[in-house]
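The structure appears below as structure tokens.
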Amino acid sequence: MMRTWLILISLPSILLGACAEPAQPVDTEGLGGLKVVVAAQSSSQCVPSTNKNHSFPADIDRFEIRLSGSINFATTLVEEDLDKEGQVLVMGIPPAENLTLDLYGCKGDQLQYSGRTLGVNIKKNDKTAPALYFTKKSAFSCTGSATLSNYWSAKLPKAVAFHKSALTDDGELLIVGGFTEYFAPSQLSAGGGGADVYLYAPTKGMFRAWKEPLHSPRGWHHLIPFDDGRKMLVVGGASSANFGATTNPPLRPTALPEHMVELIDVDNESIEVSTLSFEAKPMGAIAHSADGHIIVSAGGANLDGTSDDAIWRIESNAGAISDGSAVVAKGQMTFKRQGHTANYLKDGDVLILGGNTSSGSAAIAEVIHTGAAPEDVLSSPVNFELGQDNFPALALHQTALIQQSDDTHLFMVAGGAGISENLDGTAKFNPPHFVGEQLYVVEIQGSNGLYSGRVAIKTGGFSVDRLERAFHSLTALGNNLFLLGGGYSTFAEAGLAICDDTAAKTGCYLSDALVIETSGGAFGKQMFSENSLNSGLTFSTSRFGHGVNILPDGTALVTGGLRDLPPKNAAGGLLNSAEILNPMRIDENSICVKTAPGE
């Protein structure tokens with residue numbers, strides 16, 4: 001795991017506003033300034049190397065500072081600019097508000113580190129001091145330091161898997177619920193802290209426990225932010241589930257939360273039981289509009305292992321969702337499904353993909369939409385072109401939007417398990433290791449109940465074992481990059497030698513982190529490949545049932561999960577660790593390149 005740095009930026013000259021003495025102007029022309037303080041983070045996982053105390057990281061020779069927004073300002077700092085306390089005052093910055101501050105660490109022409117903070121205000125005599133979490137490019141770095149305070153921790157306060165996370169209105173990450181106990185050989189439970197809520201501060205790289213827990217512990221649930229992230233709905237999930245090396249289905253709910261829906265008030269750190277009559281089953285899927293005012297839940301697993309076809313839909317305002325008065329409409333999908341995905345298209349339409357036990361193009365996908373009246377909830381199959389690449393009966397895959405234009409949407413579908421049906425109607429899953437590699441581009445076109453689709457296989461150029469996984473993550477990083485991380489490849493199989501293989505790409509439990517780059521515009525021109533700037537990556541440990549969230553600074557935070565399913569009385573299982581990926585992006589290539597005068 002790579003080292004991290006906390007770079008404190010004081011505006012203009014008082015670090016963290018901790019000094020009681022009167023502030024002094026930075027200069028006589030009314031300009032502002034930045035006070036840069038280099039403070040190395042340390043923890044048991046991550047001990048930084050420096051040239052000397054309060055100094056630059058050992059593997060950079062200068063900082064490049066960029067301020068952007070209503071003004072543009074750039075300057076370079078070298079180690080000799082720092083005083084013996086590791087500080088320097090950068091002067092001559094015009095006063096401005098709501099700026100973006102980027103700090104880059106360079107070694108020659110190579111970009112080594114970066115950090116970003118938003119909402120920076122440059123004012124005369126200002127004492128505020130935003131912090132930058134400065135991490136290695138194209139690498140996974142550890143979080144935080146155990147020494148900031150008694151309230152903050154470099155790790156999650158409790159090990160957790162199948163939790164949910166979402167950004168708050170002020171750019172912090174709320175981590176809610178999850179399974180917190182594993183009883184070998186096959187039982188997950190949320191009873192030992194699965195109601196807990198944690199907050200992650202991106203500028204600190206640290207976690208703290210929230211003052212109020214959920215009323216009902218749960219894992220494998222859903223979290224929907226609305227009212228600009230000031231409020232969130234917690235919906236569905238399971239309070240316990242069967243999950244073992246030989247169980248099939250691999251994750252089967254055994255008990256449901258007492259309260260199906262809860263409302264989180266972020267500003268007040270309070271949680272109350274919601275009166276909304278809305279359901280979301282484990283192994284089901286939810287999609288919602290960007291503002292959280294349209295929410296659609298579909299399908300899932302019943303306690304007896306059969307699949308469900310119910311649709312629950314809310315379209316309302318923040319006030320009605322908050323007080324529980326929002327009208328909930330109900331409908332049925334064309335097919336019963338579990339282990340499927342749901343993606344919001346536009347105008348309230350939601351794509352449902354996979355999770356059906358039937359083979360054939362008619363069962364691949366359907367789109368949930370409204371009818372003549374808003375309370376009419378309908379679902380129409382997607383008609384796929386004949387002669388297209390085969391898309392199998394697939395579940396436990398991940399789907400991410402590549403691009404959309406008008407009524408055309410392109411998606412990446414990665415990983416997954418085969419799904420079929422037993423004679424008693426329960427779902428049966430075939431593990432990824434047997435089903436084989438899964439990577440597709442899927443095009444969906446249409447509106448108003450008429451939809452068509454195309455599918456193309458995109459496994460070429462990747463080794464087979466990197467695309468065989470379930471309970472993994474697929475996260476859009478921006479700039480046409482997608483992180484396919486972790487997973488579990490061989491469930492429902494006993495005694496396989498492969499499960500003793502600790503290799504990142506071929507073991508039962510995967511630590512492989514593949515950054516996939518997409519290129520081209522239209523369906524027929526899409527090409528998938530491993531991104532050359534972010535290749536050969538792995539998590540610090542195998543993870544499945546983990547969380548991945550994009551933070552305001554563009555980094556990806558990976559939290560918790562399971563590292564394995566240990567036998568009885570053996571160590572292992574649930575994780576409380578976290579790590580950060582700071583991806584290298586093609587538009588950053590030239591930041592550290594020195595140009596000759598006049599160029």
- Look only at the side chain of E262 and the backbone of S216, and say whether a donor-acceptor pair between them is shorter than 3.5 Å. yes

- Message: Closer than 3.5 angstrom, by distance alone: can the side chain of N479 be matched with the main-chain N or O of L481 as a donor-acceptor pair?
- Response: no

- Answer yes or no: is there a side-chain heavy-atom contact under 4.5 Å between L276 and I314? yes

- Query: Crowded around D424 CG? As in, over 12 foreign heavy atoms under 6.0 Å?
  - Reply: yes

- With distance as the sole test, does N317 use its side chain to make a donor-acceptor pair with the main-chain N or O of G319 at under 3.5 Å? yes

- Query: Taking atom CG of D291 and atom CZ of F226, what is their separation to the nearest 0.5 Å?
  - Reply: 10.5 Å

- Message: Closer than 3.5 angstrom, by distance alone: can the side chain of S316 be matched with the main-chain N or O of A320 as a donor-acceptor pair?
- Response: no

- Verify, without hydrogens or angle tests, whether H215 (side chain) and I271 (backbone) share a donor-acceptor contact under 3.5 angstrom. yes

- Query: What distance do L188 atom CG and R252 atom CZ have between them, rounded to the nearest 0.5 Å?
  - Reply: 15.0 Å

- Does R218 reach the main-chain N or O of S240 with its side chain, forming a donor-acceptor pair under 3.5 Å? no

- Salt-bridge test for D267 and K231: reply yes if a basic N is under 4.0 Å from a carboxylate O, no otherwise. no

- Query: Are L484 and H472 close enough, and set up right, to give a side-chain contact (heavy atoms from CB on, under 4.5 Å), and what steps lead you there?
  - Reply: CA-CA 7 Å; L484 177 63; H472 54 291; 3.3 Å; yes

- Okay, side chain of T559, backbone of A578: is any donor-acceptor separation there less than 3.5 Å? no

- Query: Does R337 come within less than 4.0 Å of E366, counting only side-chain N to carboxylate O?
  - Reply: yes

- Kindly say whether the aromatic ring centers of F243 and F162 come within a distance under 6.0 Å. yes

- Any donor-acceptor pair under 3.5 Å from R543 side chain to G560 backbone: yes

- Evaluate ring-ring contact (aromatic ring centres under 6.0 Å, His included) for Y198 paired with F207, printing each intermediate quantity in order. CA-CA 7 Å; Y198 309 120; F207 300 87; 7.8 Å; no

- F434 ring center near F429 ring center (under 6.0 Å): no

- Item | Y344: which of I286, V350, I295 passes side-chain contact (heavy atoms from CB on, under 4.5 Å) | V350

- Message: Counting only heavy atoms from other residues, nucleotides and ligands, does the tally under 6.0 Å from NZ of K346 exceed 12?
- Response: yes

- Task: Identify whether the distance between the nearest side-chain nitrogen and carboxylate oxygen of D512 and R469 falls below 4.0 Å.
- Result: yes

- Note on the structure: By side-chain hydrogen bond (donor to acceptor under 3.5 Å, both in side chains), R208 pairs with (sequence neighbours left out) E269

- Answer with yes or no after comparing the ring centroid distance for F539 and H546 against a 6.0 Å cut-off, counting only values under it. yes

- Message: Can a donor-acceptor pair be found, under 3.5 Å and without considering hydrogens, that links the side chain of S289 to the backbone of I294?
- Response: yes

- Scan D347, V296, L378 and name whichever one has a side-chain contact (heavy atoms from CB on, under 4.5 Å) with H369. L378

- Message: Is the distance between the ring centroids of F471 and F544 under 6.0 Å?
- Response: no

